[in-house]
Amino acid sequence: MNFLAHLFLSGNEPDVMVGNFIGDFVRGRNLVEQFGPGIARGIELHWEIDRFTDRHPTVKESKSRLWPKYRHYSSVIVDVYYDHFLASLWKNFSEEPLEAFASGAYQVVADRDDILPERVKHMLPYMMHGNWLLNYARVEGIHRALSGMSRRTTFESKMEESVVDLKAHYSEFESEFKSFIPELQAFAKGWLHQKPS
């Protein structure tokens, strides 16, 4: 899952949201010593969400549709597709408008600037200025996100072309997302319940 889903699955706990947001930018152990218990809990949740997602048969089905062209970048692309569906179907998941959720999430992360990894500090102003979380709801926003990611890859990824595949198989990807997201929500909620702060 991508940024929006990780924030959404954090249970409205600010420290968990920050940790879940930065999880891809953190390596190593001693998380509590580095970040404090709440943010460490969010980082661990991020990693568990990624493991659950990568192993799920429905997600594998989505990735298999892209594998012949994009190979190992298929996982990244599907994560972004699923954030698109979460954003575009947001009213099905939250009573809070997406614009308000996004604004609040940016502020929560920006308020923890002192602990953010350097790559996050560099990225966050661009994310806020372009309102990525809100713009994920539009196919054009997804295209911008994937094109930006493609420019940052070491090898040729062709991710900038993947919106064509989204449009061609939109109903299939949407159906797979709708099947998967309730299970992911239940998993994240259960994990947070089992690992209280």
Side-chain angles (χ1 to χ4, degrees), residues 1-13 16-32 35 38-90 92-94 105 117 119-120 132-133 136 142 145-146 149-150 152-155 157-159 162-163 165-166 168-197:
M1 303 304 285
N2 205 44
F3 292 118
L4 180 60
H6 280 290
L7 290 163
F8 171 65
L9 294 166
S10 298
N12 294 321
E13 297 184 46
V16 173
M17 288 180 82
V18 174
N20 209 346
F21 183 79
I22 67 173
D24 277 336
F25 302 88
V26 175
R27 296 288 177 267
R29 300 179 183 182
N30 304 318
L31 296 176
V32 173
F35 299 103
I39 292 173
R41 187 165 164 248
I43 294 167
E44 289 176 12
L45 174 59
H46 180 111
W47 294 346
E48 291 299 323
I49 286 169
D50 283 356
R51 272 192 281 271
F52 180 85
T53 301
D54 288 342
R55 295 172 182 164
H56 199 281
T58 302
V59 178
K60 287 181 178 178
E61 197 172 334
S62 289
K63 289 189 284 193
S64 70
R65 197 173 292 114
L66 299 171
W67 180 260
K69 182 175 181 180
Y70 302 102
R71 299 296 174 181
H72 67 275
Y73 292 108
S74 301
S75 296
V76 178
I77 295 166
V78 169
D79 283 348
V80 176
Y81 285 3
Y82 281 18
D83 253 22
H84 163 66
F85 291 115
L86 177 57
S88 64
L89 301 169
W90 182 260
N92 296 345
F93 301 101
S94 176
R119 285 167 62 202
V120 178
W132 294 2
L133 299 177
Y136 284 157
I142 291 299
L146 288 163
M149 293 165 81
S150 182
R152 292 189 293 274
T153 58
T154 306
F155 303 102
S157 69
K158 299 181 181 174
M159 283 193 287
S162 61
V163 166
D165 301 88
L166 175 60
H169 301 282
Y170 197 90
S171 61
E172 294 99 315
F173 285 118
E174 183 178 36
S175 176
E176 287 153 6
F177 167 79
K178 286 178 175 177
S179 170
F180 170 65
I181 192 66
E183 293 184 46
L184 181 60
Q185 285 179 275
F187 171 80
K189 187 176 181 180
W191 191 92
L192 285 168
H193 182 71
Q194 289 171 4
K195 301 242 180 180
S197 51

Can you list the steps and then say if L146 with I77 is a side chain to side chain contact (heavy atoms under 4.5 Å, CB included)? CA-CA 7 Å; L146 288 163; I77 295 166; 4.2 Å; yes
Decide side chain to side chain contact (heavy atoms under 4.5 Å, CB included) for L45 and R41; before the verdict, give the C-alpha distance in whole Å, the side-chain angles of both, and the deciding distance to 0.1 Å. CA-CA 6 Å; L45 174 59; R41 187 165 164 248; 5.9 Å; no
Give a yes or no answer on whether the side chain of [X] reaches the backbone of [Y] with a donor-acceptor pair at less than 3.5 Å.
{"X": "W132", "Y": "A145", "value": "no"}
{"X": "T53", "Y": "I49", "value": "yes"}
{"X": "D165", "Y": "L66", "value": "no"}

Which class fits the ring pair F180 and Y82: parallel under 30°, tilted 30 to 60°, perpendicular over 60°? tilted
For the residue pair F52 and F187, does the interplanar ring angle fall in the parallel (under 30°), tilted (30 to 60°) or perpendicular (over 60°) class? parallel
Can you tell me if K69 has over 12 outside heavy atoms packed within less than 6.0 Å of its NZ? yes
Within a 6.0 Å radius of atom CG on D54, are there more than 12 heavy atoms belonging to other residues, nucleotides or ligands? yes
Does the side chain of [X] pick up a donor-acceptor pair with the side chain of [Y] at under 3.5 Å?
{"X": "N2", "Y": "Y81", "answer": "no"}
{"X": "S62", "Y": "E176", "answer": "yes"}
{"X": "D50", "Y": "H6", "answer": "yes"}

Show the numbers, then the answer: is there a side chain to side chain contact (heavy atoms under 4.5 Å, CB included) between W191 and E44? CA-CA 10 Å; W191 191 92; E44 289 176 12; 3.8 Å; yes
Stepwise, does the side chain to side chain contact (heavy atoms under 4.5 Å, CB included) test hold for H84 with F177? CA-CA 10 Å; H84 163 66; F177 167 79; over 6 Å; no
Apply salt bridge (Lys or Arg N to Asp or Glu O under 4.0 Å) to the pair R51 and E48, showing each step before the final yes or no. CA-CA 5 Å; R51 272 192 281 271; E48 291 299 323; 2.6 Å; yes
